[in-house]
Amino acid sequence: MKRILIGIVVTAAVLAAGPARAQVTSLLSPNGQEEKIPTVKFKLRPAAEPQAALEYQLLPGFLDRKPGNAAVIYNKIGFMMPHGSDANNLQERLSKWLETPLAELPREEIEKTLAGQHYVLESLDRAARRETCDWELPLREESLITMLLPELQETRGDARLLAVKARLEIAKGEFDEAIHTLQTGYALGCHVAEGPTLVSALVGMAICGIMSNQVEELMQQPGSPNLYWALTSLPRPIISVRKAAEVEMNMLYLMYPELREVDGKTRDAAYWRAFLDRASEEMSGWWGGPNPKSSLRPALTALAIKGYPQAKRALIEQGRSDEEVEAMPVAQVVLIYTVRTYDEFRDRIFKWFALPYWEALPGMMEADQYLRDEGRKREIFPIASLLLPAVQAAKGAEARTDRTIAALRVLEALRMHAAGHEGRLPSKLEDITAVPVPIDPMTGKPFAYTCDGNTAVLEVPSPEIPERGKRYEIEVAK
Amino acid sequence: MSRDTDNEFPPELRALEAELASLVPRDDGLDPARLMFLAGRASVGKPRATVLVWPAAFGGMTVVATALAVLLLLRTAQEVIERVVRVPVAVSVDAAPSHEQPAPVTAEHEPVIERAVAKSSSAVSASERVLASLPWGQGKQGDRGERWKTSYPDLRDRILERGLDSWPVPVSDGGPARPPLSQRELLDQMIQEIRQPTAS
């Protein structure tokens, strides 16, 4: 009997603990783990600014640029790059060489590989020196929701190829050639970001980040020039998300231009019913889930009916008369409410894009959270919840890309200071007087710098994503 | 049995015979079956502890079942997520309802509602159930599976959340690549095709 009673207690405990165990499991998500900040042992070689201060540039200069649309050439390169098993092989080798220390690079193998891609490299060089880059995405003719962007994937492979070329040139001490290649790489990043989507901007930032990593290598090589003014001459921000933000803000109206007139013109019930039906079918195709052919129409219709009282109430509170709202078709009332709510959520998020990251951060976090909390409560159709991007992540990516370049400028300022002070490091950044020392674009404050004789530490933290931060342990090379 | 009058008992036994013959059997006599039962039980003696095992087990299982039933009842109300399986519905949304309650859905074919997984939570509104039945029912936090492959917003959000490396370059399992033809090679190829017209 005692054993049976114990069994009852154990069974009850297992049943009661089931949900709790699931909660514990969810708490053990990967994001809960601590990440270490990457540390770079930076060999600082003193170097003054070039005699002609702007001798080196990291983007093609005016005299080197020619009229023309770079996108035409980039798209052609997509047909030249290897496909099939060769492509996988090439990308694997490029990725490996990007991680290999300069002294250990297999130079012959790399040169052979680059020789096999010479037409691609020449085309990239040509494209980078075109005045414009217009990808001509048919945003007003084709739905952005289902638009494919294969050309962006190709440019990531192009960037790796350029970065490996630059690494080889740096390893061989061919700094002029390396800087020319880095110009091509930065130009590629800026051109890719001309595409009017947030994904284009993010790919462009990643490409610029790959090039910045090679600049960091170049700066540490004996006899390498000081690139402070080359880095300073880069646009700030080097990749701006404002153009992409404008497209993202208006995605709903790009997809459904009729919604811009939902409040203005008087359409009959049949028109709005047909609009809802069409929109439902298009969204069904967009979903691409397990049953992509199953229509969302009944679910959306049910939502419209359920949300009608809420929509009607809101329109009346906003100033319309009862009679006016009662006379409107149900679908139109719900759509007006949807559009008004979408605009409110959208502007609450995107207004922060006009500000520097550190000023915008609290507002962006609040806006993202507000959308998460209020979207479900207030939206009848969850359009804003689904279409609007995580603005803080997008703006953060922009700021991080700029912070990488700002940190490199600080290191070049240290090289310049050391060159003018017999190889000594400044005890604090304020002691550098040769050139302005940039602030951290993510915090709006100076970088954290400590010095102990011939060694120093420059902190480039990323509080929200620690593994994207960096810590430079600087030592003056002898 | 016939009586043998020639075989008479002695006088002293004849009186006993007469008395015995006058006796009448009692109706409430012994119950043979019960007698045998009692005798058998008496032969066993006191019940052993092992005899109680099965009754005890029965009682214990009854207690367990009761406890589980009580736990089930004490759990908070289950959330039932209704998932629409059948689609074709003709719904009237023309006329605004005259009251605050939403108009009932009228349909030629009633949608087949499939009861899905239930989880313990507080009662949810009808709109939450419908929202949960939609493909984006769980919002950005939900599992959106492979939708990033065909949907720009999902691709964008995936990259923002997980970085660019979460957008893998398509892996091709085709054979080695063929380099594109030069302009001269293409011209030669086209001239050859012109010289060798295909049979109609």
Side-chain angles (χ1 to χ4, degrees), chain A residues 1 4 7-8 11-12 15-16 19 79-80 82-88 91 144-147 153 156-157 197-199 202-203 206 269 273 286-289 294-299 301-309 326 328-331 372 375-376 382 385-387 389-390 393-394 397, chain B residues 56-57 59-61 63-64 67-68 71 84-85 87-89 91 93-97 100-103 105 107 111 119-120 126-128 130-131 133-136 139-141 145-147 149-153 155-157 159-161 163-164 167 169-177 179-180:
Chain A
M1 193 63 181
I4 292 167
I8 293 168
T11 304
L15 287 171
F79 291 99
M80 288 186 245
H83 290 82
S85 57
D86 275 0
N88 305 335
Q91 292 305 320
L144 180 58
I145 298 288
T146 52
M147 190 179 291
Q153 287 281 46
R156 293 167 69 189
T197 68
L198 200 49
V199 172
L202 293 170
V203 174
R273 188 169 65 247
W286 155 38
W287 175 46
S294 66
S295 171
L296 294 178
R297 192 171 11 154
T301 305
L303 278 180
I305 292 172
K306 180 68 177 72
Y308 172 75
E326 291 282 350
M328 287 183 181
V330 170
R372 276 195 293 273
R376 280 189 148 220
S385 301
L386 290 173
L387 290 184
Chain B
M61 289 301 111
V63 172
V64 169
L68 291 175
L71 279 173
V84 177
V85 174
V87 172
V89 174
V91 180
V93 293
D94 290 337
E100 287 287 317
Q101 297 299 318
V105 172
K119 59 182 180 182
S120 58
S127 62
E128 287 284 325
V130 176
L131 189 63
S133 75
L134 292 175
W136 56 75
K140 287 185 185 293
Q141 287 70 39
E146 299 283 288
R147 290 215 310 268
K149 290 183 179 175
T150 52
S151 155
Y152 168 77
L155 171 65
R156 176 200 66 202
D157 294 342
I159 294 173
L160 284 172
E161 287 167 24
L164 199 54
W167 186 20
V169 179
V171 174
S172 173
D173 53 1

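All of these numbers come straight from a predicted model, not from anything done at the bench. Hydrogens, waters and symmetry mates are skipped; everything else that's a heavy atom, side chains included, is used. Residue numbers start from 1 in every chain, and the chains themselves are labelled A, B, ... in the order their sequence lines are given, proteins ahead of strands.
Across all their heavy atoms, B:W167 and A:Q153 have their closest contact at NE1-NE2, 3.1 Å. Considering all non-hydrogen atoms of both residues, A:L198 and B:Y152 come closest at N-OH, 2.9 Å. Between B:L164 and A:A206, the closest heavy-atom pair is CD2-CB, 3.2 Å. Minimum heavy-atom separation, B:D157 to A:L386: OD2-O, 4.2 Å.
Heavy atoms of A:A397 lying under 4.5 Å from chain B are absent altogether.
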